[in-house]
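Predicted model, so just to flag it, every value in this text is computed and none were measured.
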Amino acid sequence: LITIYARKGYVDSDMDFHKGIKIKPLKTFKNKHLEASFHTFWALLHAIFSDADIIHFHAQGPCLFAWMPRLLAPKKKLVFTCHGLDWQRNKWNKFAQKMIFAGEISSAKFFDMQIMVSKDLDNYYKNTYGINSIKIQNGTEIGEFKQANIIKEKFNLSQKNYILFVGRLVPEKAPHLLIDTFKKVKTSKKLVLTGASSSTDEYFEYLQKIAQNDSRIIFTGYQYGEILQELYSNAYLYVTPSELEGLPLTLLEAMSYGLPVLASDISPHKEVIENEKYGYLFKKSEMKHLAEKLELLLNTSDKELRQKGMLAKNFTEKNFNWDLCVKKTLNLYRVLMNS
């Protein structure tokens, strides 16, 4: 039996199981700096005194508490999955960054097995800490095409008349670069930014300010389910200018819909796109090069874009699916339990 500890308010209160996995919601503080820490603390206390054989941590910050099971339940196996170098995220102040970096050190010292979601992270832990980790990449479901119905009524969007960005509106994902660049591009297409603040309200207000004089730019807020499916299904192009990623789920989601993608040339993007075999790249943080690539793709034939999109979809379906991810993780659990 696998138990997932969730935060109350983020899951349905009457949800006890989901696809055979037990859901255990726990209360925590609603506070930018304390919410995750207190939830980790309570969840670990519960896990330590449960009959669990393995405790699986996700992200670097929670690893600060790895001393608890090591001290109180030394027979339990500890597994860590790294989704990115979280201390590098700009939304954190210096104290928070130092605490998360301490979590990174803990993740390298106290665990029986470390899982990395990308080659870049695997290389980082190997070079920094001498760790031979296991690479288990993220997965995504293959997108199901949806006609532009809800998004037409709600945002006046139709098939192929907009460029799409999906993600948290935080500095390291660089939506400001995309907005500033798009404003200089001559096109009747719209720019749709799907996502919202993530404890970054001041930055979100800045984005709204720099976009306010361009009626082509639309903020949809967070979207899920059918609306998000429609947004992916009907976009002309997906763009991610991010400067920091582990392995970007939204990029995989866009590719799973056969949507042509344009991404900054950071290592995780290059790993997914394979040096423009399955998408297009521009030089990170360089507005001029992003503008050139946008202009080029806005004038590329629909046939060429669709061919690139279908190559990406087939590649994603074969290499980044959740079934493969789950099988690898379960095999790892079995090895640890038998060791």
Side-chain angles (χ1 to χ4, degrees), residues 6-7 9-15 18-19 23 83 138-170 173-176 178-179 182 187-201 203-205 207-208 210-212 214-242 245 247-263 272 279 294 297-298 302 305-306 309-310 312-313 316-317 320-322:
R7 300 182 208 175
Y10 292 85
V11 294
D12 294 337
S13 57
D14 59 346
M15 182 184 286
H18 179 71
K19 295 185 177 180
I23 310 295
H83 298 276
N138 290 326
T140 186
E141 295 181 3
I142 297 305
E144 180 184 349
F145 180 82
K146 297 283 185 181
Q147 295 288 345
N149 296 320
I150 304 172
I151 61 172
K152 184 172 182 60
E153 181 180 338
K154 200 167 183 178
F155 305 113
N156 194 29
L157 298 174
S158 55
Q159 192 173 41
K160 308 297 183 189
N161 83 328
Y162 61 93
I163 294 165
L164 180 65
F165 166 95
V166 178
R168 290 174 291 114
L169 299 181
V170 295
K173 292 195 179 290
H176 59 276
L178 180 55
I179 291 170
F182 181 79
T187 179
S188 60
K189 296 190 187 299
K190 301 172 183 179
L191 173 62
V192 175
L193 296 109
T194 295
S197 167
S198 177
S199 301
T200 51
D201 292 346
Y203 178 70
F204 179 47
E205 290 171 5
L207 294 179
Q208 291 178 308
I210 62 174
Q212 65 184 0
D214 194 327
S215 60
R216 299 173 301 167
I217 301 173
I218 299 169
F219 293 90
T220 70
Y222 278 125
Q223 300 296 334
Y224 303 94
E226 195 165 345
I227 295 181
L228 185 58
Q229 288 179 303
E230 288 190 15
L231 286 166
Y232 278 129
S233 296
N234 296 281
Y236 177 82
L237 177 71
Y238 178 83
V239 182
T240 172
S242 187
E245 292 287 350
L247 191 73
L249 284 171
T250 54
L251 179 61
L252 294 178
E253 287 174 355
M255 291 169 67
S256 79
Y257 280 83
L259 181 56
V261 298
L262 172 62
V272 173
L294 277 176
L297 294 176
L298 285 167
D302 186 58
L305 290 177
R306 280 192 288 109
M310 288 310 299
K313 181 173 183 174
T316 304
E317 185 174 10
F320 297 94
N321 66 77
W322 283 124

Look up atom [atom1] in [X] and atom [atom2] in [Y], then write down how far apart they are to the nearest 0.5 Å.
{"X": "Leu178", "Y": "Leu193", "atom1": "CG", "atom2": "CG", "answer": "6.0 Å"}
{"X": "Leu294", "Y": "Ile163", "atom1": "CG", "atom2": "CD1", "answer": "5.5 Å"}
{"X": "Leu191", "Y": "Phe165", "atom1": "CG", "atom2": "CZ", "answer": "9.5 Å"}
{"X": "Tyr162", "Y": "Leu231", "atom1": "OH", "atom2": "CG", "answer": "5.0 Å"}
{"X": "Glu226", "Y": "Lys146", "atom1": "CD", "atom2": "NZ", "answer": "4.5 Å"}
{"X": "Glu245", "Y": "Thr240", "atom1": "CD", "atom2": "OG1", "answer": "5.5 Å"}

Looking at every heavy atom in both [X] and [Y], which two are closest together, and how far apart are they?
{"X": "Val272", "Y": "Phe320", "result": "CG2-CZ, 4.3 Å"}
{"X": "Val261", "Y": "Ala254", "result": "CG1-CB, 4.0 Å"}
{"X": "Ala235", "Y": "Leu259", "result": "O-CD1, 3.2 Å"}
{"X": "Glu230", "Y": "Ile150", "result": "OE1-N, 2.9 Å"}
{"X": "Ser197", "Y": "Tyr222", "result": "O-OH, 3.9 Å"}
{"X": "Ser233", "Y": "Glu144", "result": "OG-O, 3.7 Å"}

Quiz item: Stepwise, does the side chain to side chain contact (heavy atoms under 4.5 Å, CB included) test hold for Arg216 with Phe182?
Solution: CA-CA 9 Å; Arg216 299 173 301 167; Phe182 181 79; 3.6 Å; yes
Self-check item: Test side chain to side chain contact (heavy atoms under 4.5 Å, CB included) applied to Asn156 and Lys190, step by step
Solution: CA-CA 10 Å; Asn156 194 29; Lys190 301 172 183 179; 3.6 Å; yes
Quiz prompt | Evaluation steps, side chain to side chain contact (heavy atoms under 4.5 Å, CB included), between Leu249 and Thr140 | solution = CA-CA 7 Å; Leu249 284 171; Thr140 186; 5.5 Å; no
Exercise. For Glu153, look at atom CD and say whether over 12 heavy atoms of other residues, nucleotides or ligands are found less than 6.0 Å away.
Key: no
Quiz item: Counting only heavy atoms not in Glu141, do more than 12 sit closer than 6.0 Å to its CD atom?
Solution: no
Quiz prompt | Any side-chain heavy-atom pair of Ile218 and Leu157 under 4.5 Å | solution =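 Sidechains of Leu157 and Ile218: in contact.
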Quiz item: Passes side chain to side chain contact (heavy atoms under 4.5 Å, CB included), Tyr236 versus Leu164? Steps please.
Solution: CA-CA 8 Å; Tyr236 177 82; Leu164 180 65; over 6 Å; no
Self-check item: Ser256 and Tyr232: side chain donor to acceptor below 3.5 Å
Solution: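 Absent: no donor and acceptor within the cut-off.
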Is a donor on one side and an acceptor on the other found under 3.5 Å between the side chain of [X] and the backbone of [Y]?
{"X": "Asn321", "Y": "Glu317", "value": "yes"}
{"X": "Arg168", "Y": "Thr200", "value": "no"}
{"X": "Tyr238", "Y": "Glu253", "value": "no"}

